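This report concerns only the one structure given below.
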Amino acid sequence: MGFLKEFKEFAIKGNVVDLAVAVIIGGAFGKIVASFVKDIVMPPIGVLLGGVEFTDLAIVLKESSVGPAGEELGPVLLTYGIFIQNVVDFVIIAFVIFMAVKAINKMKKKEEAAPAPAPPAPPKSEVLLEEIRDLLKKG
């Protein structure tokens with residue numbers, strides 16, 4: 001029973017829950033960025049390069065052929081256009097994460113730089129009592 005209790009404490013800890021939320025949001029963000037790159041960024045770049053569709057860019061390593069059993073085998077392709085698109089996805093995601101971490105670090109520095117408020121001065125009666133105590137210790 002101790003194992004289940006320990007696992008429950010681990011699973012409920014804030015860090016684990018935060019990580020789960022981050023993974024879910026990260027997956028959704030990755031899809032948004034992939035769509036942004038595929039549907040918004042790459043088409044204008046393709047038009048500027050003469051109407052190129054990046055997902056169609058490939059080098060044919062082996063043409064289509066017919067297998068020994070008579071089935072048609074597709075061509076073997078090196079699809080570098082999809083790779084370029086994925087690199088653009090990565091660069092955008094990495095930039096956004098960099099900016100988020102930079103903003104978080106800036107907020108942390110502001111928190112650390114804020115000086116702690118000075119403790120309030122003791123009441124005058126307390127100061128006088130301390131002086132009397134010190135005088136009695138000397139005498």
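No experiment lies behind these values; they were computed from the predicted model shown.
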Is it the case that atom CD in E72 sees more than 12 heavy atoms from other parts of the structure closer than 6.0 Å?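 No, because the 6.0 Å sphere around CD of E72 holds 12 heavy atoms or fewer from other groups.
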
Does E71 have more than 12 heavy atoms from other residues, nucleotides or ligands lying within 6.0 Å of its CD?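 Count over threshold, so yes.
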
Could you pull out the closest heavy-atom pair between [X] and [Y], with the gap in Å?
X   : Y   : answer
P75 : S64 : CD-OG, 3.2 Å
D39 : P43 : O-CG, 3.6 Å
K38 : Q85 : CB-NE2, 3.0 Å

May I ask whether [X] and [Y] are part of the same hydrophobic cluster, defined by side-chain heavy atoms of I, L, V, M, F, W, Y residues being less than 4.5 angstrom apart, directly or through others?
X   : Y   : answer
I45 : I40 : yes
V52 : L78 : yes
V37 : L49 : yes
F36 : F54 : yes

Interatomic spacing from [atom1] in [X] to [atom2] in [Y] - rounded to 0.5 Å:
X    : Y    : atom1 : atom2 : value
L4   : E6   : CG    : CD    : 10.0 Å
L77  : K62  : CG    : NZ    : 12.5 Å
F83  : F90  : CZ    : CZ    : 10.5 Å
K102 : F95  : NZ    : CZ    : 8.5 Å
E131 : L136 : CD    : CG    : 12.0 Å
K106 : I104 : NZ    : CD1   : 13.5 Å

Sequence-distant partners of N86, side chain to side chain contact (heavy atoms under 4.5 Å, CB included), two or more places apart: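 For N86 the side chain to side chain contact (heavy atoms under 4.5 Å, CB included) partners, ignoring immediate neighbours, are I82, D89.
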
Just jot down the side chain to side chain contact (heavy atoms under 4.5 Å, CB included) partners of Y80, sequence neighbours excluded, or say none.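 Side chain to side chain contact (heavy atoms under 4.5 Å, CB included) list for Y80, sorted by chain: L57, I59, I84.
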
Beyond-backbone contact of E126 with P123, side-chain heavy atoms, under 4.5 angstrom: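 Result yes, sub-4.5 Å side-chain heavy-atom pair found.
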
Should the pair F3 and F7 be assigned to parallel (<30°), tilted (30 to 60°) or perpendicular (>60°) ring geometry?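 Geometry flag for F7 against F3: parallel rings.
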
Sole candidate of V91, I92, V96 that passes side chain to side chain contact (heavy atoms under 4.5 Å, CB included) when paired with V33: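 For V33, the side chain to side chain contact (heavy atoms under 4.5 Å, CB included) test succeeds with only one of V91, I92, V96, which is I92.
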
